[in-house]
Peer 1: 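Sending over a structure as structure tokens; questions will come in a sec.
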Amino acid sequence: MESVTVLGAGSQHPSADPLSFARSYQLEALEISIKQNTIVFLETGSGKTLIAIMLLRSYAYLLRKPSPFIAVFLVPQVVLVSQQGEAVKMHTDLNVGMYYGEMGVDFWDAAIWKKHIEKHEVLVMTPAILLAGLRHSFFKLSMIKVLIIDECHHAKGKHPYACIMTEFYHRQLRSEISKLPRIFGMTASPIKTKSGVSEFCFWEKIKELETLMNSKVYTCASESVLAQFIPFSTPKFKVYRHKEIPCSLYAHLTIELQSLKEKHELSLKKSDLVGSTKDSMSKNISKVFSALIFCLDELGVWLALKAAQSFSCFDSDLCTEADSIPWGKLDVFGETIVKHFSLDAFHAFSTYIPSGPDWSIGNDVKANMDAGLLTSKVVCLIESLLEYRYLKDIRCIVFVERIVTAIVLHSLLEELLPKYCSWKSKYIAGNNSRLQSQTRKKQNEIVQEFRKGMVNVIVATSILEEGLDVQSCNLVIRFDPSATVCSFIQSRGRARMKHSDYILMVKSEDCATQSRLEKYLASGDIMRNASLRHASLPCSPLQIDLNDEKFYCVESTGATVTLSSSVSLIFFYCSRLPSDCYFKPAPRWDQKTCTLYLPKSCPLQKVVLRGNINAKILKQTACLEACKQLHEIGALTDNLVPDIVVEEADAQESGNEPYIDEQPCYFSPELVGRWPKDSDIMTYHCYLIELKQSFVYDIPVRDIVLVMKNELGSEVGSMHFDLDTDRGSLTVNFKYVGVINFRPDQVLLCRRFQITLLRVLIDRNLNKLKECLDGEFLGDETDYLLLPATGKHQRPLIIDWLCVTSVLFSCENFCEYHLNCYLPMGCARSVQTKDGPVCICLLQNSLVCTPHNGNVYCITEILGLNANSCLTLRDGRIMTYKKYFEEWHGIKLRFDHESLVNGIHIFQVQNYLQRCREQKEKGSSKRSVELPPELCSIVMSPIPVSIFYSFSFVPSILHRLESLLIAVNLKRMLLDHCMQNDVIPVSKVLEAITTKNCQEIFHLESLETLGDSFLKYAVSQQLFKTYKNQHEGVLSVKKEKLISNAALCKFGCDRKLPGFIRNKSFDPKKWIIPGDRSVSYALSEELLFNTRKIYIKETRKVKSKLVADVVEALIGALVSTGGETAALFFMDWLGIKVDFHITPYERHFQVHAEKLLNVRQLENLVNYSFHGHSLLVEALTHGSYMLPEIPRCYQRLEFLGDSVLDYIITKHFYFKYPGLSPALLTDMRSASVNNDCYARSAVKCGLHKHILHASQELHKHIVETVYNFEKLSSESTFGWESETSFPKVLGDVIESLAGAILVDSRYDMEVVFCSIRPLLEPLVTPETVKPNPSRELNELCQKEHYIMNKPIKSRNNGLISITIEVEAKGHLFKGTATDKDKTIAKKVACKKVLESMKRFGLT
């Protein structure tokens, strides 16, 4: 068969795009690889990657976006992904994506991969990722133009390289249906074998690789061609004579180690660990034992001691990373046994190590060898290294076979080398089963230090043989001989500096190894010759029958699963099922019955097969059948990935949708109007704002008239509320008076009055007044009038026109007509003001400004004083008013015999809607001043001071009106789409859109709490009914997609809710005075749904979570007033489609509940008789209980019960305690609706005795919990008193029981509450609730500005310790707590800190 050529655009091959510094053989390889599939066989360091990059450059025109094609660069190790990816980035302009398992690619779906393929032109990844992508049909071979396979000699057996070629490439090659990629392989040795003598043997192996890769090998004619460009190391054999450690010493230590092993295995057997854990621990003890015996035999007593020390390290504080060899995730007790064994072994070895301050290993190497502390092999390594100690710049890699060898040799070199030279050593080792060594980051750091000369010697396993680029190496020592030709060639190629040496350590007695290594030395030429000799032959066809292996293919996507891949797919599917710390879902194969059992949360329970075929094939066939059935059910998607993978990807995608936090702020259209043209009469609706003060004050309040174009609705037009003033409460009542007509000149007069009055009140000066009055009234603007009302005795005349006309005052107009006024005895009729003489009665009730200081005053009375009267200053001095004004203001009073007037400072406008307002006015401040009339300029007259006092409340009153009208408009919008919601009062809508930041007496938190719980329940029950075969994990993700903050924010934004939100405290200074054009604002019109009009006043930032909170609060408002049906209509309008239709619960199994449970006792416990006992069994079955007659566990019912309990308990608190503050309701809900409280209830009522499970660990934890339960500080089942964590299962069964009762009672929540409430008694009350200590401490620190340091966390023996520190008023308070659960530990630590602070009186 001829090698495949690229089938791209047209029939021509891409033209070569070489780099200027490319070598001749690289250019030759490039030309060949463009024409045909090629395996480049060249030495390490010869620049194979550069050829691959030039090939990518040649294909770049086919790859550049928006092209649908990509190139894929495969590397065998994760550490090579970034190395090769960065190289491609450096030498091309292509967009490179890099992928490895830790990125979570196993959990990506087709949509995520599609985005990456659309974005990147070259994808660098490990082969397992591409293989999985091809199997799941995320990738198609036809979209790959170039497939580069690094270290392609791995392509054999079931390696992912081989699977990609056999399962996909060769199958499509035979079908000749699709276009295939150009294959480009790279290797330093096309053969990965332990033996090979003749050229024929080598050719057979090369031929196999060529056939599998459908590619021809390219190599140089001879090593001399490469030698022109790259240096080759000089191989040197270093022969040592094996010398065993003293027999008596070896025998004694091996016997002692065996004894210790048996001792700790016995300890393990006596433990109460489960069988599988015991087996795992026993294997780990055996591993440590074998490793120590190996070190003793091969390396000597001292290095065996170092190995034992590494295995025994408990705490990272006691051991550096280089010293410790931590095992994988083990049971805490089991891990302790393994480490104790290692520690005992360490002490056993220590007795044979000399002690004393002057002794250290390596002082006398020969003596150390004679004593058995070091073996002759280790001594040979030391001597070999020291031969190079005079080399100025040494870079040496010592290759070893085992990780433990690398670690202990590094320990030796760390102690030994400083005695002879300044070299520094490190080790690099990969991962070996459960024995974990270094992170990739650490390995890369060591390689970088090696390149820079900061590290001179690296002791490494095979991880450094291929891939990692370490060009600066000039010495390689093979401490352990290479196992294969490939390993030999690759390790030799690490020495890439000129005059490098390649030392091969060989035992003198081991002739076979020496002979094999000599053959390896010649192997390069033999393989090169074999490849060149057969270069002209075409690739042979692959002999295996690709159709022999059964597979299942999804027709719609092309995703496939084969017999061999089906097992891993089933395990992967099960791994994504819900689990807990007591049970990890996994398939179970019963060889006897040929049955594949799947976990209870899986919709497919078992697959049974019959047949006389190989046991392994039978198991694979069952897994393949399970994959097929799971796909048909929908548990596996059309891409053959678990359904939850797609759900999670969708949820993440929807959560990442951009949100624009710049949102409009709506303004009510009822308050907006346009100045009418050519209108003689204007009709307005008139409202009386009655003010009633509940405090005594010498200035009374006056009623105010609100005149507006639009009639307010009945709810707003008759509203009443209180303002919290500095002196007490002020009640505000609205009353509709009727229709009133104004002439245009009257409207202009009224506008001038309100602008003047309110501008003066807000600014407390006249600076902006002229600008306000000169503006033109054009376009849409706030259009309503605020006018003084007459006294009750003057009604039905409602508007005090005398006060309104006060704004027209001028000295010229008023003096001549003002002759018959009443004056106090002895007062002159006319006084001189700043603007001229006026009747003194006009000055007495007026607003004046004093230009000398820019202040404004309300003049209330004529005083019996004049400029020659005396006043007492603050410093006690006494002087006349005349002298005072001259000294302090530089003013000489001219009319010193005229009476002074009493001027009251203009009232300060404040936010009287604010809750918990502080006293703003100081009692000691002087409220009034004595003024000479000649310094006063009258602004308004006549106008009593009570008008100014009353109008100082107007901004707060009108702000409440504006807010209510916004709520009215939102209610109308809801009514347009949900007619059932007419029952909701406007006040509830206002509460739902008012945030805590507004600092008013109400805010949305209580409604949000109620709405959140109802939303959670409504969605949960809908998902439970709709997706009957989906497990709890999928239901939870689906629920999160619907009710997450991001989702609710999107629903709210789609319905234009952000514009209604009130998220700032009212600032009276920024309030828009109706008709005032001096403030630059523009109302822009916006259409809501159904062409309903509203105005945008401004834009402001609104956080996405706040939008979500308002959505929940609106749901809560509807639940609290209109009931659940009203809330459902609103949710439906938002886009959350749920209903409360009752759906029968399908039970596909019959179970004799009485055989498994004490049904009567359980029904008495919950005071409920089940119609179907299978629900009761399901509610109490843990996932570990693998009896086939019970096909379901409690997880789905727990999912439903969790939400219904949350809702009915929250609803109970909300309606039972209607006056609850939002914070208190939140605390009561949090203290009652949590797994800890449910778990305590379960133990209290003995429910733990009825749980069906098969977990020894769970049984142990339940026994411990029950034993400790009596020690709890309180008998209550709520709150935060518990200082220890409970098994989550105990709380889960309370929730699952609630779910079971809900389903069995046809979704009657009242029945659930009556059944479960007795188990939870006593419920928390406002008197017994306590805040969560963590939140209480955090809020205290914020309020008092205490410093709360970052929590200090540590982990030991599976327990988490958390220390909380708070610095307060010179004291440091610390609290430390330890628990399995970090949340519990933090809570208890905070509790301790709070108790300490209370003793100091700092809370």
Peer 1: Would the distance check show the side chain of S350 and the main-chain N or O of F346 forming a donor-acceptor pair, the cut-off being under 3.5 Å?
Peer 2: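 Checked: pair present.
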Peer 1: Which pair of heavy atoms, one from A188 and one from F41, lies closest together, and at what distance?
Peer 2: O-CE1, 3.2 Å
Peer 1: Considering residues, nucleotides and ligands other than K584, do more than 12 of their heavy atoms fall under 6.0 Å from its NZ?
Peer 2: yes
Peer 1: Do other residues, nucleotides or ligands put more than 12 heavy atoms under 6.0 Å from E244 CD?
Peer 2: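 No, the 6.0 Å shell around CD holds no more than 12 heavy atoms from other groups.
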Peer 1: Could you tell me whether K426 and E445 make a salt bridge, using a distance below 4.0 angstrom between a side-chain N and a carboxylate O?
Peer 2: no
Peer 1: Look up atom SG in C152 and atom CE in M213, then write down how far apart they are to the nearest 0.5 Å.
Peer 2: 4.5 Å
Peer 1: For the atom pair CZ (F232) and OG (S500), what is the distance rounded to the nearest 0.5 Å?
Peer 2: 11.5 Å
Peer 1: Using side-chain heavy atoms (C-beta onward) and a distance below 4.5 Å, is N456 in contact with F450?
Peer 2: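 With C-beta onward as the side chain, the pair stays apart.
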Peer 1: Can you label the angle between the Y161 ring and the H154 ring as parallel, tilted or perpendicular, going by 30° and 60°?
Peer 2: tilted
Peer 1: Salt bridge or not for D344 and K263, using N-O below 4.0 Å?
Peer 2: yes
Peer 1: F479 and V378: side chain to side chain contact (heavy atoms under 4.5 Å, CB included), yes or no, with the steps?
Peer 2: CA-CA 9 Å; F479 183 77; V378 175; 4.3 Å; yes
Peer 1: Would you sort out whether R516 and T513 count as a side chain to side chain contact (heavy atoms under 4.5 Å, CB included), showing the intermediate values?
Peer 2: CA-CA 5 Å; R516 176 163 56 88; T513 298; 4.0 Å; yes
Peer 1: Checking side-chain polar atoms at under 3.5 Å, does T187 have a donor or acceptor matched by the opposite partner on E151?
Peer 2: no
Peer 1: Do Y250 and D297 touch side chain to side chain, with heavy atoms closer than 4.5 Å?
Peer 2: yes
Peer 1: Under 4.5 Å between any side-chain heavy atoms of I428 and T461, yes or no?
Peer 2: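 No, too far: nothing below the 4.5 Å cut-off.
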Peer 1: Under 30°, 30 to 60°, or over 60°: which ring-plane class applies to H410 and Y427, parallel, tilted or perpendicular?
Peer 2: tilted
Peer 1: Is there a donor-acceptor contact under 3.5 Å from the side chain of S482 to the main chain of T484?
Peer 2: no
Peer 1: Where the side chain of N474 meets the backbone of R395, is there a donor-acceptor pair that is under 3.5 Å apart?
Peer 2: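 Yes: the side chain of N474 pairs with the backbone of R395.
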Peer 1: Please test I361 against L374 for side chain to side chain contact (heavy atoms under 4.5 Å, CB included), starting from the C-alpha separation and ending with a verdict.
Peer 2: CA-CA 9 Å; I361 194 70; L374 301 175; 4.1 Å; yes
Peer 1: Should K424 and V457 count as side-chain neighbours, where that means a heavy-atom distance under 4.5 Å?
Peer 2: no
Peer 1: Quick one: closest heavy-atom pair of W302 and S411, and the distance?
Peer 2: CH2-O, 4.1 Å
Peer 1: Any ion pair linking K366 and D364 (charged N to carboxylate O, less than 4.0 Å)?
Peer 2: no
Peer 1: If you draw a 6.0 Å radius around CD in E401, do more than 12 non-hydrogen atoms from other residues or ligands fall strictly inside?
Peer 2: no
Peer 1: Should the ring pair F341 and F289 be called parallel, tilted or perpendicular, given that the plane angle runs from 0 to 90° and is split at 30 and 60?
Peer 2: tilted
Peer 1: I'd like to know whether K238 forms a salt bridge (charged side-chain N to carboxylate O under 4.0 Å, His left out) with E387, so could you lay out the CA-CA distance, the side-chain angles of the two residues, the decisive distance to 0.1 Å, and finally the verdict.
Peer 2: CA-CA 12 Å; K238 192 77 173 178; E387 287 178 11; 2.4 Å; yes
Peer 1: Under 3.5 Å, is there a donor-acceptor pair between the Y502 and S491 side chains?
Peer 2: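 A pair is found: one side chain offers a donor N or O, the other an acceptor, under 3.5 Å apart.
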Peer 1: Taking atom CG of L209 and atom OG of S189, what is their separation to the nearest 0.5 Å?
Peer 2: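 That separation rounds to 9.5 Å.
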Peer 1: Which heavy atom of Q490 sits nearest a heavy atom of T44, and at what distance?
Peer 2: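 Heavy-atom minimum between the residues: CA-OG1, 4.0 Å.
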Peer 1: To the nearest 0.5 Å, how far apart are CG in L343 and CZ in F311?
Peer 2: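 Result: 13.5 Å between the selected atoms.
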Peer 1: Checking the side chain of R492 only, and the main-chain atoms of S233 only, is there a donor and an acceptor separated by less than 3.5 Å?
Peer 2: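 Such a contact is found between R492 side chain and S233 backbone.
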Peer 1: Sub-3.5 Å donor-acceptor pair from the side chain of S310 to the main-chain atoms of K306, do we have one?
Peer 2: yes
Peer 1: Report yes if the side chains of L381 and Y240 come closer than 4.5 Å at any heavy-atom pair, otherwise no.
Peer 2: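 Side chain of L381 against side chain of Y240, heavy atoms only: no contact under 4.5 Å found.
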Peer 1: With respect to K377, which candidate in E298, E509, E383 satisfies the salt bridge (charged side-chain N to carboxylate O under 4.0 Å, His left out) definition?
Peer 2: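 The option that passes is E298.
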Peer 1: Return the minimal non-hydrogen interatomic distance between S508 and H242, and the atom names on each side.
Peer 2: OG-N, 4.5 Å
Peer 1: Would you compute the distance between atom SG of C380 and atom NZ of K507 and round it to the nearest 0.5 angstrom?
Peer 2: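 The NZ atom of K507 is 12.5 Å from SG of C380, to the nearest 0.5 Å.
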Peer 1: Around K419, counting heavy atoms of other residues, nucleotides and ligands shown, do more than 12 lie under 6.0 Å from its NZ?
Peer 2: yes
Peer 1: Mark yes or no for whether R402, through its side chain, and V404, through its backbone, hold a donor-acceptor pair below 3.5 Å.
Peer 2: no
Peer 1: Identify the heavy atoms of A348 and L253 that sit nearest to each other, and give their distance.
Peer 2: O-CD2, 4.1 Å
Peer 1: Judged by atom type as modelled, is there a donor-acceptor pair below 3.5 Å linking the side chain of S575 to the main-chain atoms of F572?
Peer 2: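 Looks like yes, one N/O pair under 3.5 Å.
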Peer 1: Taking I255's backbone N and O only, do any of them form a donor-acceptor pair with S259's side chain (distance below 3.5 Å, no angle check)?
Peer 2: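 Here the side-chain-to-backbone pair does not exist.
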Peer 1: S286 versus E265: any side-chain heavy-atom pair under 4.5 Å?
Peer 2: yes
Peer 1: What's the shortest heavy-atom distance between K48 and F184, and which atoms?
Peer 2: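 Taking K48 first and F184 second, the nearest heavy atoms are O-CE2, 4.3 Å.
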Peer 1: Contact between L385 and C396 at the side-chain level, heavy atoms closer than 4.5 Å - yes or no?
Peer 2: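 Of all side-chain heavy-atom pairs linking C396 with L385, at least one is under 4.5 Å.
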Peer 1: Between V81 and Y99, is a side chain to side chain contact (heavy atoms under 4.5 Å, CB included) present by the stated rule, with each step listed?
Peer 2: CA-CA 7 Å; V81 172; Y99 306 92; 5.9 Å; no
Peer 1: State whether the number of non-hydrogen atoms from other residues, nucleotides or ligands found under 6.0 Å of Y100 atom OH is greater than 12.
Peer 2: no
Peer 1: Side chains of R241 and S376: is there a donor and an acceptor less than 3.5 Å apart?
Peer 2: no
Peer 1: Would you mind reporting whether I458 and L464 have side-chain heavy atoms less than 4.5 Å apart?
Peer 2: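 Side chain of L464 against side chain of I458, heavy atoms only: contact under 4.5 Å found.
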